[in-house]
Amino acid sequence: MPQGPTALLTATERPEPWENASLLAPAFAARGIATVRASIDTLHLANGRICVHRVDGAVLDLATCERIWILGFGRRGSFLDKMQLLAALPTSVHFVTRPEALLLWHGKYGLAAQIELPHPATWAFDNSEALIETALREGGRFVLKPPGGSFGRGMVVAEAGSQRFAWAARNLTRANAYCLLQRWVPESQAGEWRILVANGRVIAGYHRRAVGAASNLARGGEATCVPIPPDVQRLAHRSALWLAERQIGYAGLDIAGPWLLEANIVNPGGLATLADLGAGDFAPAVVDALVSRR
Ligand SMILES: Nc1ncnc2c1ncn2[C@@H]1O[C@H](COP(=O)(O)OP(=O)(O)O)[C@@H](O)[C@H]1O
Ligand SMILES: [Mg+2]
């Protein structure tokens, strides 16, 4: 394995102090591992070499890196190009999460289409009629949401057969966009857990409670620091191993009751919240898990 630095590829030129790239760099440094930060949108191919521009402007040949951590996608239009460029790097370069895994598991289809981890029943259609018919046939309360959303954006909770449901179904499938139809889980009313997992290990977590329909902190959800109950810990551990098998080295899990609601695999939030809650700095534990073999 080349003994080069760890490259942290971010969406923005200058990450905020509470973002993963800013919090993880000192933890790598404390382990004697140098990090280089670069915007993922500077990725380019230079006569067989896959390079980025470091923040100081110098060109970095990514094949000289020991490890790469993709901490943001950057511009949407070039997502596929960037993942293909990164996937083409020599196998000696280790990824925290491989680009192929990001391509496959980023978004909400991957979890919805598997049966090993408990996830609410989910359908996906690109037209409102199919959404409306399915909900009427299955009956009850549902969540409608875009497959690639985040921060709870675009999410609507509605009863099958209601006007609100029909409105949301039409709105979310405009221009034939796909929309997920997911069984609403009542356990979410008691709040949910955000658990950070790295390389098959459970690192830490906190509880958060919704103010509206979604518990996302970006939507006004309130976080509290309480010990993780054993059943949540077990599901988080199972999920961590499941993700690690798919070459996903770091994730933020959302768990409500017995359900794994979401696995956020690109730049999940949590480290800064844990620090704000006084739980401590878990960046060193994340780095420890990533550099050690399971
Ligand atoms: N099936 C569901 N039942 C109940 N609440 C849900 C469900 N799906 C999502 N939510 C609520 O909405 C939030 C956002 O949904 P999520 O699927 O995690 O999408 P996002 O990527 O936007 O965070 C969840 O954290 C949860 O509070
Ligand atoms: Mg979420």
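Atoms considered below: every heavy atom in the structure, side chains included; atoms not considered: hydrogens, waters and symmetry mates. Position 1 is the first residue of the sequence, and the numbers go up from there. Indexing begins at 1, ligand by ligand and atom by atom, following the structure's order.
Summary of contacts: the protein heavy atom closest to atom 13 (C) of ligand 1 is Asn216 OD1, 3.2 Å. Ranking the protein heavy atoms by distance from atom 21 (O) of ligand 1 puts Lys108 NZ, 2.5 Å first. At the top of the distance list for atom 22 (O) of ligand 1, counting protein heavy atoms only, stands Gly152 N, 2.6 Å. Scanning the protein for heavy atoms near atom 3 (N) of ligand 1, the closest one is Val185 N, 2.9 Å. Here the heavy atom of the protein found nearest to atom 24 (C) of ligand 1 is Glu192 OE2, 3.5 Å. In this structure, the protein non-hydrogen atom closest to atom 5 (N) of ligand 1 is Ser188 OG, 3.5 Å.
Shown in contact with Asp254 at under 4.0 Å from a heavy atom are these atoms of ligand 1, numbered in order with element: 18 (O). Listed by number with element, the atoms of ligand 1 under 4.0 angstrom from any heavy atom of Arg208 are 25 (O). When each atom of ligand 1 is checked for a heavy atom of Phe151 under 4.0 Å away, the hits are 20 (P), 22 (O), 23 (O). Interface of Val143 with ligand 1, defined as ligand atoms under 4.0 Å from a residue heavy atom, comprises 1 (N), 2 (C), 3 (N), 7 (C). Atoms of ligand 1 lying under 4.0 Å from at least one heavy atom of Lys145, given by number and element, are 8 (N), 9 (C), 16 (P), 17 (O). Applying the 4.0 Å criterion to heavy atoms of Ser215 picks out, from ligand 1, the atoms 27 (O).
When all heavy atoms of Ala63 and Leu89 are compared, the closest pair comes out as N-CD2, 3.7 Å. In this structure, Leu102 and Met83 approach most closely via the heavy-atom pair CD1-SD, 4.2 Å.
Here Glu262 pairs with Lys108 in a salt bridge; the nearest charged N to carboxylate O distance falls below 4.0 Å.
Every heavy atom of Arg219 sits 4.0 Å or more from the atoms of ligand 1. Distances from ligand 1 to the non-hydrogen atoms of Ala210 include no value under 4.0 Å. Residue contacts with ligand 1: Glu187 is excluded, as none of its non-hydrogen atoms falls under 4.0 Å.
When hydrophobic clusters are built by joining Ile, Leu, Val, Met, Phe, Trp and Tyr residues whose side-chain heavy atoms come closer than 4.5 Å, directly or via intermediates, Leu261 is not grouped with Val266.
By the 4.5 Å heavy-atom criterion applied to side chains, Ile195 and Leu235 are not counted as neighbours. In this structure, Leu172 and Pro146 have side chains that are in contact, with non-hydrogen atoms separated by less than 4.5 Å.
A cation-pi geometry, defined here as NZ or CZ lying under 6.0 Å from the six-membered ring centre and within 45° of its normal, holds between Arg246 and Trp242.
Within the set Arg194, Glu262, Gln182, Met155, the minimum heavy-atom distance to atom 10 (N) of ligand 1 is found for Met155.
Checked against the 6.0 Å centroid criterion, the rings of Trp69 and Phe95 do not qualify as a close aromatic pair.
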